[in-house]
Colleague: 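Quick one: the structure is below, and I'll ask about it shortly.
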Amino acid sequence: MLQRTYEKAKGLFSSGNGYLRTGDLLTAGITTLQIRQLVDDGILEHVTHGVYWWNADNRPKPKDFRYYELQLANPKSVICMESALYLHGFLRSEPKAIHVATSRSDRSRMSMNYPVHRHYFAERGIHDHTETIETAAGPVCVHSIDRSVADCIRFRNTLDPKQFEDIIKRYKKKKDKDTEAFLAYAKDMGIQRVAASFLN
């Protein structure tokens, strides 16, 4: 690897948060062959399709980087269920797999180096009840706490029973929960009666 290529790439990555897309590198004059060489030399990490991380200089990744990388992989995705609750600070422990929602028609590749549980939702409403959380890596789109709890009830058979019980207990004790929004979303999903029973 030529030193000038290394220095050029280093300058590009140092101006951001450590992540760049293939298009940014090509526009700056870094060729596909040079990108491949940078990856082979361990200088760049291929995060996902079209996204790279500056892996040199022992640069540590920021906290919650995995969630941001998923947004880079698919900007239309939304972090959901237990993972959204974790980012909201509602859950103490981080789920082993990241739960992410995409529309049923979304065929974007989301091949990551860590476990991802992808949920396919109807196009209508997938971006309702969303918020943006600023992580140390960058902004991440997540479902609200009220919607996330409703989705956990909806898909409760896929969750660890103890974790599900903890989620319900915490939500019942939450003083600023939006019960109206929670039940409205549950009604849209056809689980209003079941969802309401967990609040009693």
Side-chain angles (χ1 to χ4, degrees), residues 16-19 45 47-48 51 53 59-103 106 110 112-121 125-189 191-192 194-200:
N17 62 353
Y19 294 95
E45 175 194 335
V47 173
T48 186
V51 179
W53 161 261
R59 182 174 186 171
K61 286 190 175 182
K63 187 176 184 294
D64 298 327
F65 70 91
R66 299 185 303 162
Y67 303 90
Y68 181 68
E69 289 181 354
L70 272 169
Q71 293 276 268
L72 291 175
N74 186 347
K76 294 181 180 179
S77 66
V78 183
I79 304 301
C80 66
M81 296 177 61
E82 310 102 296
S83 297
L85 293 174
Y86 168 74
L87 286 179
H88 278 293
F90 185 84
L91 293 181
R92 293 192 188 97
S93 58
E94 183 176 9
K96 293 179 180 178
I98 297 179
H99 293 258
V100 60
T102 62
S103 69
D106 190 335
M110 298 183 74
M112 313 303 289
N113 300 321
Y114 36 81
V116 176
H117 192 154
R118 188 170 182 174
H119 301 269
Y120 292 95
F121 285 75
I126 191 172
H127 287 95
D128 291 343
H129 308 285
T130 59
E131 302 173 20
T132 298
I133 289 180
E134 289 292 338
T135 70
V140 176
C141 182
V142 303
H143 281 148
S144 69
I145 290 177
D146 302 288
R147 171 169 180 165
S148 297
V149 172
D151 278 329
C152 285
I153 292 173
R154 181 184 176 196
F155 298 109
R156 59 192 179 281
N157 292 334
T158 68
L159 305 183
D160 176 86
K162 289 185 178 179
Q163 185 181 48
F164 177 70
E165 183 181 355
D166 184 45
I167 289 170
I168 297 303
K169 282 183 178 178
R170 287 176 181 276
Y171 189 66
K172 287 173 72 173
K173 292 178 180 179
K174 184 175 169 58
K175 294 181 180 179
D176 61 343
K177 61 178 172 289
D178 189 339
T179 305
E180 185 177 341
F182 168 80
L183 292 175
Y185 176 71
K187 183 179 180 180
D188 286 344
M189 295 298 103
I191 60 165
Q192 184 178 19
V194 174
S197 71
F198 282 102
L199 295 186
N200 296 329

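The structure presented is a predicted model; accordingly, all values stated were derived computationally and were not measured. Along the sequence shown, the residues carry numbers beginning at 1.
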Colleague: Nearest 0.5 angstrom please: Leu85 CG to Ile79 CD1, how far?
Modeller: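 That separation rounds to 12.0 Å.
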Colleague: List in chain and number order the residues that pass side-chain contact (heavy atoms from CB on, under 4.5 Å) with Glu45, two or more places apart in sequence or in another chain; answer none if no residue qualifies.
Modeller: Val47, Trp53, Asn55, Lys61, Asn113
Colleague: List the steps and the verdict of side-chain contact (heavy atoms from CB on, under 4.5 Å) for Leu159 and Cys152.
Modeller: CA-CA 8 Å; Leu159 305 183; Cys152 285; 3.8 Å; yes
Colleague: If we ignore hydrogens and angles and just use 3.5 Å, is the side chain of Lys63 paired with the main-chain N or O of Thr135 as donor and acceptor?
Modeller: no
Colleague: For Tyr185 and Arg154: C-alpha separation, side-chain torsions, deciding distance, then whether side-chain contact (heavy atoms from CB on, under 4.5 Å) applies.
Modeller: CA-CA 11 Å; Tyr185 176 71; Arg154 181 184 176 196; 3.9 Å; yes
Colleague: Could you report the tightest heavy-atom contact between Glu82 and Pro95, atom names first, then the distance?
Modeller: CB-CG, 3.6 Å
Colleague: Output all residues satisfying salt bridge (Lys or Arg N to Asp or Glu O under 4.0 Å) with Arg156, sequence neighbours left out; order by chain, then residue number.
Modeller: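 With neighbours one apart ignored, the set is empty.
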Colleague: From Met81 CE over to Ile98 CD1, what is the distance, rounded to the nearest 0.5 angstrom?
Modeller: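 If I round to the nearest 0.5 Å, the distance is 14.0 Å.
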Colleague: Look up atom CG in Asn74 and atom OG in Ser103, then write down how far apart they are to the nearest 0.5 Å.
Modeller: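 Those atoms lie 8.0 Å apart.
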Colleague: Asp146: which residues meet the side-chain hydrogen bond (donor to acceptor under 3.5 Å, both in side chains) condition with it, sequence neighbours left out?
Modeller: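 Expected list: Tyr171.
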Colleague: Using the salt bridge (Lys or Arg N to Asp or Glu O under 4.0 Å) criterion, which residues pair with Asp106? Sequence neighbours excluded.
Modeller: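 In terms of salt bridge (Lys or Arg N to Asp or Glu O under 4.0 Å), with neighbours along the sequence ignored, Asp106 is linked to Arg118.
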Colleague: Could you walk me through whether Ile168 and Ile153 pass side-chain contact (heavy atoms from CB on, under 4.5 Å), step by step?
Modeller: CA-CA 9 Å; Ile168 297 303; Ile153 292 173; 3.8 Å; yes
Colleague: For Lys162, give me all partners under salt bridge (Lys or Arg N to Asp or Glu O under 4.0 Å), at least two apart in sequence or on another chain.
Modeller: none
Colleague: For a 4.5 angstrom cut-off between non-hydrogen side-chain atoms, does Leu91 reach Asp166?
Modeller: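 Leu91 vs Asp166: side chains touch.
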Colleague: Once rounded to the nearest 0.5 Å, what's the spacing between atom SG of Cys141 and atom CG of Leu70?
Modeller: 12.5 Å
Colleague: Under the rule for side-chain hydrogen bond (donor to acceptor under 3.5 Å, both in side chains), what residues qualify as partners of Tyr67, not counting sequence neighbours?
Modeller: Glu94
Colleague: Can you list, pair by pair, the side-chain donor-acceptor contacts under 3.5 Å of residues 126-133, counting residues two or more places apart and other chains?
Modeller:
from: His127; atom 1: NE2; to: Lys76; atom 2: O; distance (Å): 3.1
from: Thr130; atom 1: OG1; to: His127; atom 2: O; distance (Å): 3.1

Colleague: Nearest 0.5 Å, what's the CZ-OG1 distance between Phe121 and Thr102?
Modeller: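 Answer for the CZ-OG1 pair, Phe121 versus Thr102, is 9.0 Å.
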Colleague: Just verifying a value: how many Å separate Cys80 SG and Asp151 CG, rounded to the nearest 0.5 Å?
Modeller: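 Answer rounded to 0.5 Å: 6.5 Å.
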Colleague: With sequence neighbours excluded, what pairs up with Phe164 under the ring pair (Phe, Tyr, Trp, His ring centres under 6.0 Å) test?
Modeller: Phe198
Colleague: Report the residues that fulfil salt bridge (Lys or Arg N to Asp or Glu O under 4.0 Å) with Lys174, sequence neighbours left out, ordered by chain and then residue number.
Modeller: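 Checked Lys174 against salt bridge (Lys or Arg N to Asp or Glu O under 4.0 Å); matches are Asp176.
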Colleague: Please list all pairs passing the ring-ring contact (aromatic ring centres under 6.0 Å, His included) test where one or both residues lie in residues 70-93, with sequence neighbours left out.
Modeller: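 Matches after skipping sequence neighbours: none remain.
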Colleague: For atom CD of Glu180, is the number of surrounding heavy atoms from other residues, nucleotides or ligands below 6.0 Å larger than 12?
Modeller: no
Colleague: So does Val51 get a backbone contact from the side chain of Thr48, meaning a donor-acceptor N/O pair under 3.5 Å?
Modeller: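 Checked: no pair found.
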Colleague: Mind checking what makes ring pair (Phe, Tyr, Trp, His ring centres under 6.0 Å) contact with His99, not counting sequence neighbours?
Modeller: His117, His119
Colleague: Check whether any side-chain heavy atom of Val140 sits under 4.5 Å from a side-chain heavy atom of Asp64, and report yes or no.
Modeller: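 No, every pair of side-chain atoms sits at 4.5 Å or beyond.
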Colleague: Can you check whether Ala137's main-chain N or O pairs, donor with acceptor, with Asn17's side chain at less than 3.5 Å?
Modeller: yes
Colleague: Less than 4.5 Å apart, side chain to side chain, heavy atoms only: is that true for Arg147 and Met189?
Modeller: no
Colleague: Quick one: list whatever passes side-chain contact (heavy atoms from CB on, under 4.5 Å) with Asp188, sequence neighbours left out.
Modeller: none
